[in-house]
Structures are given as C-alpha cells and as structure tokens.
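Below: one structure, written as structure tokens.
Bear in mind the structure is a predicted one, so any value in this text is a computation, not a measurement.
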Amino acid sequence: MANSDMKILVTGGSGLLGRSIMNACKQRKWDVIGLAFSRTGPGLKKVDITNTSEVQAVLERERPDLVIHAAAERAPDKVENKYEETRNLNVTASKNLASLAQKVGSKILYISTDYVFDGSSPPYKVDDEPRPLNKYGITKLDGEKAVLASHPDAVVLRVPILYGPVERVDESAVTVLLRTVLAVDAPAAVSNYEKRYPAHTGAIADIICQLVAKCHQDPLLKGIFQWSGLEQLTKYDMCVAMAETLSLSHDHITPDNKPAPGAPRPYDSRMDNSRLQGLGISAHVPFKEGIRECLQEWLTR
C-alpha cells in the first residue's frame with residue numbers, strides 16, 4: 001500500500017492539535033476521519049470516546065491503518081479539580097481505544113506530554129523515569145502505560161506546550177498571553193521561572209505525519225518518541241516576543257521569578273529529541289514567526 005492510500009482516524013479532531021493533524025493528513029492526500037464530541041463540525045464524526053460501544057462501532061466500520069489519539073483534557077488546573085472525570089478520558093478511554101484498535105488491526109499513536117517529568121534533571125531521554133508533579137501529568141503517564149500495555153505495537157509521542165491557529169485566544173496557554181500584552185493599563189507580573197519549549201501545532205502535526213509514514217514503512221517501529229520545541233522560553237519571554245513581533249508595548253509586564261501558582265509545573269521539562277531525529281524526523285517554526293501568524297488577526301477583534 002502506498003502512503004497516499006493510508007486511512008487515518010484522528011480523535012480530538014476539532015481540538016487545537018487535532019485540527020492541524022487533520023490538515024497535515026489531507027495535504028498528504030491521506031483518507032482522514034476526524035472524531036469530535038463537544039465541538040463537531042464539517043468533516044467530523046460525533047463520537048464520545050469514553051463510550052466503548054461508539055468507539056468499537058466506528059473502528060469496525062472504518063478500519064483505519066492508524067489511529068492518532070489526540071483527544072484529552074490538557075489543562076493542568078482543570079484536571080486538579082476534575083480528576084476522576086479526567087482519568088476517564090485520559091486513561092480509561094485511551095486504554096479501551098488502544099485495545100479496540102489492536103483488535104481491528106489498526107496501529108495507534110498516543111499523544112502525551114512533557115509534564116510526565118518533574119523538570120529537575122533535563123534533558124529527558126525516552127527511557128528516563130517519569131515523575132509527574134501534577135494530576136494532569138499523572139493521567140497522561142497512566143494513559144501511556146495503558147496504551148502500551150493494551151496494544152503491543154503502539155507509539156507514544158510526548159510533546160511540549162503547544163500553540164497554533166486558535167478558535168479562541170484562550171484555547172492555548174501560549175496565545176492567551178496576548179490578553180496580558182494588550183492590557184497596557186494593567187501592570188502584570190508574568191512567570192519567568194518555568195522553562196518551556198513551545199511548539200507550533202503545524203510543526204507537531206508535520207512530525208506526527210512523518211512518524212506515521214515511517215511506521216507505515218516499518219511496522220516494527222513502536223514505543224516512545226519525544227519532541228521539545230527548539231527555543232527555550234518562559235511565559236515572560238513569550239510575552240516579550242509576542243509584543244515585539246506584533247509591535248506592541250510590554251512596559252507594563254514584569255518578570256515573576258517564583259514558581260507559577262496553581263497545579264505544580266516542572267521547572268525545566270526539556271526532552272531529548274534524538275530518537276525522532278535519528279529517523280530524519282524534525283520540524284520547527286520560529287516562535288516569533290509562528291505567534292505572529294497565529295495572533296495577527298486577533299489584534300482587530
């Protein structure tokens with residue numbers, strides 16, 4: 001089967017990353033089916049992935065070559081307050097999806113996070129022991145374990161904080177910083193403590209598609225892969241870069257050198273990218289270029 005004949009099913013197809021994955025698959029002329037639940041729309045099938053019978057029905061009907069599992073609750077502060085509900089989505093549903101995919105002969109690629117690490121001794125290799133600091137990280141790590149146990153050929157891809165074209169400015173923890181930058185009459189102290197490695201969803205979708213193509217060429221490819229963005233930025237750095245590239249003031253923003261409030265975050269969760277790079281897989285959008293492209297339209301709203 002040629003790469004162009006592949007059928008891909010994407011969970012979370014209406015989400016921040018899912019939309020970019022859908023677009024990247026379509027650009028490669030792959031047959032792509034997107035699943036969504038709370039935000040359905042054209043080209044998406046409404047499926048509750050926490051409902052095993054619904055998932056089983058769509059997998060048996062579509063029988064995709066590969067499932068990209070991007071659906072998740074990914075806001076750490078929300079997870080702290082909705083832990084059991086989040087476990088049902090991030091862990092139980094992931095386990096069931098992997099098991100059902102294996103039964104119909106579909107490979108699965110599970111999207112995870114750099115928050116599986118505590119941030120005390122970067123850069124983290126794929127086989128370094130995870131030690132998540134918050135409940136979100138715990139659910140994603142448990143999701144990894146459940147998927148790998150349920151599907152012997154599963155692939156896990158850990159990614160960093162993401163930004164990209166947004167439907168709401170608060171859809172990404174990066175783009176929401178625009179509100180702080182625009183509020184010039186409201187002095188703000190922004191976290192300058194946690195070191196982050198933001199990645200554009202377009203770059204991550206490109207990496208995912210490169211990895212999918214490699215998996216298609218080599219069915220034995222499996223296990224854990226990682227990608228951290230290539231620029232180290234704190235949220236304060238992101239605000240400054242955002243202001244500079246959009247020709248806005250940041251005089252009202254000051255660095256806060258204490259750990260951010262809310263759910264504990266890793267200090268420096270930089271991951272080692274070498275397993276992907278060893279396969280010739282990489283993609284990068286410079287932060288200033290990417291954030292300008294994402295936010296320019298929001299300046300006139």
Side-chain angles (χ1 to χ4, degrees), residues 12 14-20 36 38-39 41 70 72-82 86 113-115 119 133-137 159-205 228-269 285-301:
S14 62
L16 178 69
L17 178 58
R19 296 192 302 271
S20 288
S38 60
R39 287 187 286 174
E73 174 56 69
R74 56 184 176 78
D77 293 334
K78 284 186 182 177
V79 176
E80 294 292 315
N81 298 316
K82 300 193 316 184
T86 300
T113 174
D114 57 355
Y115 272 32
L133 293 179
N134 57 42
K135 290 179 179 178
Y136 165 66
V159 300
I161 189 171
L162 301 177
Y163 71 98
V166 289
E167 293 183 344
R168 313 178 312 272
V169 75
D170 63 354
E171 192 179 11
S172 158
V174 176
T175 55
V176 72
L177 296 171
L178 179 65
R179 291 178 176 170
T180 301
V181 174
L182 290 175
V184 292
D185 295 328
V190 175
S191 175
N192 193 42
Y193 180 77
E194 292 88 2
K195 302 176 190 298
R196 311 302 301 274
Y197 300 85
H200 192 288
T201 54
I204 295 298
S228 275
L230 304 184
E231 296 168 83
Q232 177 189 290
L233 300 165
T234 64
K235 285 196 173 180
Y236 171 76
D237 295 330
M238 294 179 209
C239 285
V240 172
M242 200 177 287
E244 289 176 350
T245 195
L246 295 171
S247 301
L248 301 169
S249 173
H250 58 85
D251 293 343
H252 60 296
I253 301 172
T254 54
D256 183 348
N257 295 316
K258 302 184 298 297
R265 267 76 166 169
Y267 170 65
D268 185 346
S269 56
V285 176
F287 184 75
K288 282 189 172 182
E289 176 186 316
I291 205 67
R292 183 173 63 250
E293 170 247 319
C294 296
L295 293 179
Q296 192 74 53
E297 65 175 290
W298 291 92
L299 297 182
T300 56
R301 292 197 180 191

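Residues passing the salt bridge (Lys or Arg N to Asp or Glu O under 4.0 Å) test with Arg292: none are found, sequence neighbours excluded. Applying the side-chain contact (heavy atoms from CB on, under 4.5 Å) criterion to Ala263, with sequence neighbours excluded, gives Pro76, Asp77, Glu80, Asn134, Arg265.
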(request) Show the numbers, then the answer: is there a side chain to side chain contact (heavy atoms under 4.5 Å, CB included) between Ile291 and Thr175? (result) CA-CA 8 Å; Ile291 205 67; Thr175 55; 4.1 Å; yes

(request) Mind running side chain to side chain contact (heavy atoms under 4.5 Å, CB included) on Ile161 and Asp114 for me, showing each step along the way? (result) CA-CA 8 Å; Ile161 189 171; Asp114 57 355; 5.8 Å; no

(request) Could you please spell out the steps behind the side chain to side chain contact (heavy atoms under 4.5 Å, CB included) verdict for Leu299 and Leu178? (result) CA-CA 9 Å; Leu299 297 182; Leu178 179 65; 4.1 Å; yes

(request) Report the C-alpha distance between Val240 and Leu233 in whole Å, list the side-chain angles of each, state the deciding distance to 0.1 Å, and finish with yes or no for side chain to side chain contact (heavy atoms under 4.5 Å, CB included). (result) CA-CA 10 Å; Val240 172; Leu233 300 165; over 6 Å; no

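Side-chain atoms of Phe287 and Asp237, non-hydrogen and from C-beta on, never get closer than 4.5 Å to each other. Residues Val181 and Ile253 meet the side-chain proximity criterion, which asks for heavy atoms closer than 4.5 Å. Contact annotation: the side chain of Ser20 never approaches that of Ile204 to less than 4.5 Å [non-hydrogen atoms, C-beta and beyond]. Within the 4.5 Å cutoff, the side chain of Tyr197 has heavy atoms near those of the Gln232 side chain. Between Val166 and Cys294, the closest side-chain pair of non-hydrogen atoms is not below 4.5 Å. Side-chain contact between Tyr193 and Lys258: absent, with no pair of heavy atoms (C-beta onward) separated by less than 4.5 Å. Contact check for Leu295 versus Met242: side-chain heavy atoms found under the 4.5 Å cut-off. Between Thr234 and Val190 there is no side-chain heavy-atom pair separated by less than 4.5 Å.
The closest donor-acceptor contact from the side chain of Thr245 to the backbone of Ala241 lies at 3.5 Å or more, if one exists at all. At distances below 3.5 Å, not a single donor-acceptor pair connects side-chain atoms of His250 with backbone N or O atoms of Tyr236. Side chain of Arg19 to main chain of Pro165: a donor-acceptor pair is present (N/O by atom type, distance under 3.5 Å, no hydrogens or angles). Glu194 places a side-chain N or O within 3.5 Å of a backbone atom of Ala260 that can act as its donor or acceptor partner.
In terms of heavy atoms, Gly164 sits closest to Thr201 at CA-OG1, 3.6 Å. For the residue pair Trp298 and Arg168, the shortest heavy atom distance occurs at CH2-CA, 3.8 Å. The minimum heavy-atom distance linking Ser172 with Leu16 is given by the pair CB-CD2, 3.9 Å. Taking both residues in full, the closest heavy atoms of Val176 and Ala173 are given as CG1-O, 3.5 Å, listed atom of the first, atom of the second, then distance. Considering every non-hydrogen atom in both Pro160 and Gly229, the closest pair reads CG-N, 3.7 Å. Nearest heavy-atom pair, Glu167 versus Glu171, reported as atom, atom and distance to 0.1 Å: N-OE1, 2.8 Å.
Separating the CD atom in Glu231 from the NZ atom in Lys288 is a distance of 9.5 Å, to the nearest 0.5 Å. For the atom pair NZ (Lys78) and CD (Glu73), the distance works out to 5.5 Å, reported to the nearest 0.5 Å.
A perpendicular orientation is assigned to the rings of His200 and Tyr163, their planes being inclined by more than 60° (bins at 30° and 60°).
The pair Asp170-Arg179 counts as a salt bridge, with a side-chain nitrogen and a carboxylate oxygen less than 4.0 angstrom apart.
Screening Asn257, Asp256, Thr254 for a side-chain hydrogen bond (donor to acceptor under 3.5 Å, both in side chains) with Asn192, the sole residue that qualifies is Asn257.
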